[in-house]
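Lettering follows sequence order; numbering is per chain, from 1. What's counted below: heavy atoms across the whole structure, side chains too, no hydrogens, waters or symmetry copies.
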Amino acid sequence: MNSLAKLLEAALFASPRPIPTDELAVLDREASPAAVQAALEEIREHYDVDGHGVELVEQGGGWQILTRPEYTEAIERAQMAVRPTRLSGAALETLAIIAYRQPIGRADIAEIRGVDAGAILKSLLERGLIEVVARGEGLGRPLMYGTSPLFLEQFALRHLEELPRVDELAIALRREPQPL
Amino acid sequence: MNSLAKLLEAALFASPRPIPTDELAVLDREASPAAVQAALEEIREHYDVDGHGVELVEQGGGWQILTRPEYTEAIERAQMAVRPTRLSGAALETLAIIAYRQPIGRADIAEIRGVDAGAILKSLLERGLIEVVARGEGLGRPLMYGTSPLFLEQFALRHLEELPRVDELAIALRREPQPL
Amino acid sequence: MDDLAAVAPLAGGGFIVDVGDFNGPLDLLLSLIRDEKIDIYDIPIARVCEQFLVRMRDLALNEAAEYLEMAARLLRIKAHMLLPRHDGQDNWDDPRAELVRRLLEYQQMREVVDVLERLGEDRRNRFARSYSPELAPPPQAPLALSLAELLLAVDRVLRAARKPTLHEVISRSLDVDGAIITVRAVLALRAMARWRDVIRPDPEPWEVLSCLLALLELAKRNELRLAQLKPFADVEIRREFAGEAA
């Protein structure tokens with residue numbers, strides 16, 4: 001590619017949005033509109049003929065380099081497959097307590113689990129699985145936690161009432177003995 | 001380029017961050033590690049030989065497409081992308097200490113620098129260059145800091161071992177080697 | 001060096017310095033040693049001490065605690081050097097040793113700074129792609145969760161909770177840790193709080209004391225700042241350090 005085409009390619013790559021043709025011309029004041037147009041054509045042709053995973057498209061009021069649609073599916077799939085993390089047993093327990101006892105404060109969670117859950121609460125908050133839903137009464141008006149909409153989404157529940165009732169649990173658990 | 005190279009190029013293009021080799025391998029489960037490596041080489045060579053405004057670099061724990069430095073000024077002048085602000089000398093000092101001594105707490109950093117680094121630590125955390133990696137022992141269980149993956153990326157390092165070893169540093173130190 | 005914070009040439013040294021160029025007392029000391037071409041392993045401490053004080057005065061650093069501390073340290077070493085030494089005594093503890101160690105350590109770190117500066121500048125001159133397509137990568141690796149896992153966790157909790165909870169009755173001592181947790185939690189929600197936000201109404205004396213000690217401890221750790229705008233006004237508790245959030 002010629003040097004103007006290389007400059008345009010770098011700018012199109014670095015820009016967060018599509019760039020209109022007249023703005024591209026600002027990159028090199030020596031270049032005529034015709035030269036810019038020719039350079040864009042050169043990039044487009046290069047991507048198409050030479051076999052690239054990207055293409056140059058004019059859309060959204062300007063020029064943009066985009067990945068070719070035939071690869072998006074594989075890329076999306078790979079992103080989903082990349083090291084899915086599991087919650088630790090302690091995090092799941094904390095989440096379970098919050099799901100069934102919400103709104104609940106940190107002290108009560110610690111009371112049930114027998115250990116403090118400060119770090120776990122923080123990571124569940126960061127993952128968006130729980131939220132601060134209220135302030136409790138009592139010393140220091142503790143934060144009260146509840147599950148978030150993302151929690152429902154993650155467990156494919158429409159609403160919290162779809163969680164098995166506690167007395168149903170034994171049966172549900174026997175029916176689906178999944179190893180952790 | 002072959003079809004694996006095109007797929008990898010599309011994925012690298014789609015990601016603003018470096019992608020580790022093993023994550024690239026997930027894109028095509030049929031492809032052997034050698035094939036992935038060969039495809040990456042093909043992309044790199046293609047960019048270099050064919051004349052592109054971008055290049056493929058291995059750094060920050062993975063592979064990343066970046067614009068070539070010779071176009072930076074023109075792109076920034078045209079306001080199509082902005083370079084991150086330069087770190088101050090004090091921030092670089094703090095970062096250097098953390099890089100070599102991690103995990104390290106605020107008090108030990110102040111001891112080496114002769115000045116407290118509270119505000120600097122906060123801004124390095126905000127920029128994502130360091131992370132809280134642990135809590136230390138002792139009074140108040142101080143936060144211990146370490147460098148983040150973004151640190152490697154922003155300093156174009158493949159891994160921390162690419163930083164000069166302590167015994168490669170100042171001549172003065174060879175007379176009286178001190179572990180840094 | 002620019003002339004913004006520059007000072008006039010010193011009588012003894014004859015150089016111009018810039019406050020903005022120094023990252024602390026060790027940096028200042030190191031530049032002094034470099035300018036005076038001093039052997040770092042054999043520092044003429046009396047001269048260096050004098051120069052350091054002169055520079056402190058000329059740079060108006062007299063107020064900065066860390067520079068004062070270094071000045072005091074130099075004076076102390078100077079005094080030690082004046083103590084008589086016995087001839088032929090091999091195991092003389094050089095009072096400068098600790099200072100030399102710190103200077104070398106600092107110098108080493110400055111060298112790393114140069115490396116980082118070069119690498120960082122090189123990387124700054126390259127742009128990554130900033131356009132985020134629809135398939136922007138998730139901020140965290142996706143979670144693998146199943147309802148069965150959650151239910152098994154519930155089961156574990158229920159089984160554990162069935163054990164009778166025994167409360168140990170002890171005399172009330174202070175609970176500073178608990179108060180710290182409370183204060184952090186409040187400050188995680190809002191940048192500024194008042195006393196009544198972190199303590200319950202009608203508190204017991206031990207609660208007041210715990211809370212007070214917690215605030216002082218957190219202020220010492222720079223997690224918060226305490227301010228009282230006028231006498232008897234509400235004490236303002238302001239969050240200082242985002243990294244410490246609950």
Side-chain angles (χ1 to χ4, degrees), chain A residues 1-20 22-31 39 42-43 46-56 62-84 118-119 122, chain B residues 1-17 19-20 22-31 36 39-40 42-43 46-56 62 64-83 132 134-135 141:
Chain A
M1 295 207 283
N2 73 32
S3 69
L4 179 60
K6 285 194 272 186
L7 171 59
L8 295 187
E9 185 189 41
L12 289 166
F13 177 83
S15 168
R17 53 189 173 78
I19 312 177
D22 55 341
E23 276 186 47
L24 282 172
V26 176
L27 282 163
D28 183 354
R29 295 185 189 282
E30 315 272 284
E42 190 184 347
I43 298 172
H46 184 88
Y47 287 164
D48 290 349
V49 175
D50 232 48
H52 274 263
V54 295
E55 60 186 334
L56 182 65
W63 295 87
Q64 215 174 356
I65 302 173
L66 294 175
T67 54
R68 288 187 192 274
E70 57 260 47
Y71 300 115
T72 43
E73 201 203 331
I75 294 168
E76 265 170 350
R77 204 171 350 100
Q79 277 171 350
M80 297 308 288
V82 169
R83 298 193 224 118
K122 188 172 175 236
Chain B
M1 296 206 283
N2 73 33
S3 68
L4 178 60
K6 284 195 273 187
L7 173 59
L8 296 186
E9 185 190 37
L12 289 164
F13 237 88
S15 169
R17 307 290 311 274
I19 310 178
D22 56 342
E23 285 184 25
L24 286 171
V26 176
L27 284 162
D28 182 355
R29 293 184 189 281
E30 316 272 285
V36 170
L40 287 168
E42 190 184 342
I43 299 172
H46 184 89
Y47 286 165
D48 289 350
V49 175
D50 232 49
H52 276 263
V54 294
E55 60 187 324
L56 180 63
Q64 192 175 22
I65 299 176
L66 295 174
T67 60
R68 290 185 193 275
E70 54 261 47
Y71 304 115
T72 304
E73 214 190 295
I75 293 170
E76 201 169 51
R77 208 177 333 106
Q79 297 180 347
M80 288 166 186
V82 192
R83 279 185 286 181
V132 173
R135 305 210 67 144
R141 312 217 45 220

S.K.: Between B:M1, B:H52, B:R77, which residue shows the highest count of heavy-atom pairs closer than 4.5 Å to chain A?
M.R.: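 Top option by heavy-atom pairs under 4.5 Å: B:H52.
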
S.K.: Taking the side chain from B:E9 and the backbone from A:G53, do they hold a donor-acceptor pair closer than 3.5 Å?
M.R.: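 Such a contact is found between B:E9 side chain and A:G53 backbone.
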
S.K.: Specify the closest pair of heavy atoms between B:K6 and A:G51, including all atoms of both residues, with the distance to one decimal.
M.R.: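 For B:K6 versus A:G51, the nearest heavy atoms are CD-C, 3.5 Å.
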
S.K.: Of all the heavy-atom pairs spanning B:T67 and A:A14, show the shortest one and how long it is.
M.R.: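 Minimum heavy-atom contact is CG2-CB, 4.1 Å.
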
S.K.: Provide the closest heavy-atom pair for A:A74 versus B:L7 in the form atom of the first, atom of the second, distance.
M.R.: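 Shortest heavy-atom separation between A:A74 and B:L7 comes out as CB-CD1, 3.8 Å.
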
S.K.: Apply salt bridge (charged side-chain N to carboxylate O under 4.0 Å, His left out) to A:E23 and list each qualifying residue two or more places apart in sequence or on a separate chain.
M.R.: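 Residues passing salt bridge (charged side-chain N to carboxylate O under 4.0 Å, His left out) with A:E23: A:R17.
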
S.K.: Using a 4.5 angstrom heavy-atom cutoff, name the option from B:H46, B:R68, B:Q79 with the most pairs to chain A.
M.R.: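 Option with the top pair count is B:H46.
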
S.K.: Would one find more than 12 heavy atoms of other residues, nucleotides or ligands at under 6.0 Å from atom CD of B:E70?
M.R.: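 Check passes, neighbour count above 12.
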
S.K.: Do you know which two heavy atoms are closest between A:I75 and B:L27, and how far apart they sit?
M.R.: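 Nearest pair, atom of A:I75 first, then B:L27: CA-CD2, 3.8 Å.
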
S.K.: What are the two closest heavy atoms between B:F13 and A:I65, and how far apart are they?
M.R.: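 Distance-wise, the nearest heavy atoms are CE2-CG2, 3.3 Å.
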
S.K.: In terms of heavy-atom pairs under 4.5 Å with chain B, which of A:V26, A:I19, A:L24, A:N2 leads?
M.R.: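 Ranked by heavy-atom pairs under 4.5 Å with chain B, first place is A:I19.
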
